[in-house]
Amino acid sequence: MEHTINIPHRGRGRRLVLAAVALLAAGTLLAQEDAPPAATTVKPVKNTFESIYVIDNQTVMVPAKGTFEMDIQHRFGTVNNGSEDVWGIFAPSNIRLAVAYAPVNRLFVGAGLTKEKIELDLNTKYALLLQKPGLMPVSVTYFGNATVDLRNKENFREDVHRLSFFNQLLIARKITKDLSLQVAPSVSWFNNVEAYVTSKGEIESKMNNAHVAIAFSGRYKFTEKTALLVNYDQPLTEHLTNNPHPNISFGLEFNTSAHAFQIFAGNYYSIGQQRNNMFNQNDYRHSGFLVGFNITRLWSF
């Protein structure tokens, strides 16, 4: 009799336990449904460009904090003389050696020395905005430099005439995982420009001290480590004389985690941005092209 009474109690206890488990599970599910969704951090888009350069221009890229970089930029002569100087390979060339460092996130500071005019430049680069999906459609970076011409003093009326300056706003968007585009308006300033003496004996400038230009750049990756580069620079300021020619250039880029190598053809011979933008006289319509390359090497500290 006692045995027949205990069986129903066991079944009832099992049902109560199962009911309690079900209620706890349901409560947990309800709590999960009622809880607010966890906040997600939207990360900036990576590798819009994989070098600080796109041929003759800077890019929006600013290396990570603690990065030290060394650059070699080289330009051969124009192809105008044909086989006489092996299409510019053995013509007088231009070269720039540079170093830069990222002391904090988003900031890059550096210095470089260019063979042409023996120019020393001090430069800075700061990432103002970073492209973020759904939040920020583009990346925006400021680049500027101050350059001093170190040639002998007989080349200048006053020491202040040695100085020139460059300011550029870089605006870029990574369209797809392979395609990136950039537009970059700039202002160049030279304290010393070519002048002439009027019939009244007054000195007048042949060119403006300030020059406005705009650059359009693109990069398309067709393998994991290789990309096609294109660039076009358009002068906007009209000078009295010696107006610069626009620049069109195209090339290839090869990347590793610590290196970038770019080889290209274009019609900019100078390497300093303000000198290219203001004084370029190589006309791509009349064999003004030349071959150049950029090499960068990164170290992290």
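Between the T124 side chain and the G144 main chain, no donor and acceptor come within less than 3.5 Å of each other. Proximity of a side-chain donor or acceptor of N276 to a complementary backbone N or O of S270 within less than 3.5 Å is detected. A donor-acceptor pair under 3.5 Å links the side-chain atoms of H211 to the main chain of N277, judged by distance alone. For S180 (side chain) and T48 (main-chain N/O), a donor-acceptor pair under 3.5 Å exists by modelled atom type. Side chain of Q234 to backbone of P246: no donor-acceptor contact under 3.5 angstrom is found. The main-chain N or O of E116 is never found under 3.5 Å from a side-chain atom of T114 such that the two would form a donor-acceptor pair. With hydrogens and angles ignored, the 3.5 Å screen pairs no side-chain donor or acceptor of N294 with any backbone N or O of Q262. The closest donor-acceptor contact from the side chain of N280 to the backbone of H245 lies under 3.5 Å. In this structure, the side chain of K174 engages the main chain of K46 through a donor-acceptor pair within 3.5 Å.
Every salt bridge (Lys or Arg N to Asp or Glu O under 4.0 Å) that R219 has, sequence neighbours left out, goes to E50, E253. Shown here are the salt bridge (Lys or Arg N to Asp or Glu O under 4.0 Å) partners of R173, two or more places apart in sequence or in another chain: there are none. For the ring-ring contact (aromatic ring centres under 6.0 Å, His included) test, residues two or more places apart in sequence or in another chain that qualify with F190 are F279. In this view, H286 satisfies the ring-ring contact (aromatic ring centres under 6.0 Å, His included) rule with no residue, not counting sequence neighbours. Every residue two or more places apart in sequence or in another chain that forms a salt bridge (Lys or Arg N to Asp or Glu O under 4.0 Å) with D283 is listed here: R285. For A100, the side-chain contact (heavy atoms from CB on, under 4.5 Å) partners two or more places apart in sequence, or in a different chain, are F108. In this structure, the salt bridge (Lys or Arg N to Asp or Glu O under 4.0 Å) partners of R151, at least two apart in sequence or on a different chain, are D149.
Residues I295 and R297 fail the side-chain proximity criterion, which asks for heavy atoms closer than 4.5 Å. V45 places a side-chain heavy atom less than 4.5 Å from the side chain of P133. Using a 4.5 Å heavy-atom threshold, the side chains of S164 and M278 count as separate. Taking 4.5 Å as the limit, some side-chain heavy atom of L181 sits within range of a side-chain heavy atom of L179. Using a 4.5 Å heavy-atom threshold, the side chains of L290 and N267 count as separate.
In this structure, CG on N191 lies 11.5 Å from CG on D159, to the nearest 0.5 angstrom. Taken from CD1 in I95 to CD1 in I271, the straight-line distance is 7.5 Å, to the nearest 0.5 Å.
Taking Ile, Leu, Val, Met, Phe, Trp and Tyr as hydrophobic and joining them when side-chain heavy atoms fall under 4.5 Å apart, one finds L298 isolated, its cluster having no other members. Through side-chain heavy atoms spaced under 4.5 Å, either directly or across other Ile, Leu, Val, Met, Phe, Trp or Tyr residues, M136 is tied to V104, L107, V109, Y126, L128, L129, V138, V140, Y142, L169, I171, V183, V187, V212, I214, F216, V230, Y232, L236, I248, F250, Y284, F289.
For residues 58-77, the set of pairs meeting the salt bridge (Lys or Arg N to Asp or Glu O under 4.0 Å) definition, not counting sequence neighbours, comprises D56-R75. The ring pair (Phe, Tyr, Trp, His ring centres under 6.0 Å) contacts involving residues 253-277 comprise nothing, where partners must be two or more places apart or lie in separate chains. Under the ring pair (Phe, Tyr, Trp, His ring centres under 6.0 Å) criterion, the residue pairs touching residues 73-102 are H74-F76, H74-F293, with sequence neighbours excluded.
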Evaluate the side-chain hydrogen bond (donor to acceptor under 3.5 Å, both in side chains) criterion for residues N145 and Q274: first the C-alpha distance (whole Å), next the side-chain angles of each, then the deciding distance (0.1 Å), finally the verdict. CA-CA 9 Å; N145 75 39; Q274 58 264 53; 2.9 Å; yes
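Using a 3.5 Å distance cut-off with no hydrogens or angles, the side chains of K125 and Q58 do pair a donor with an acceptor. With no hydrogens or angles considered, a side-chain donor-acceptor pair links N247 and D233 at under 3.5 Å.
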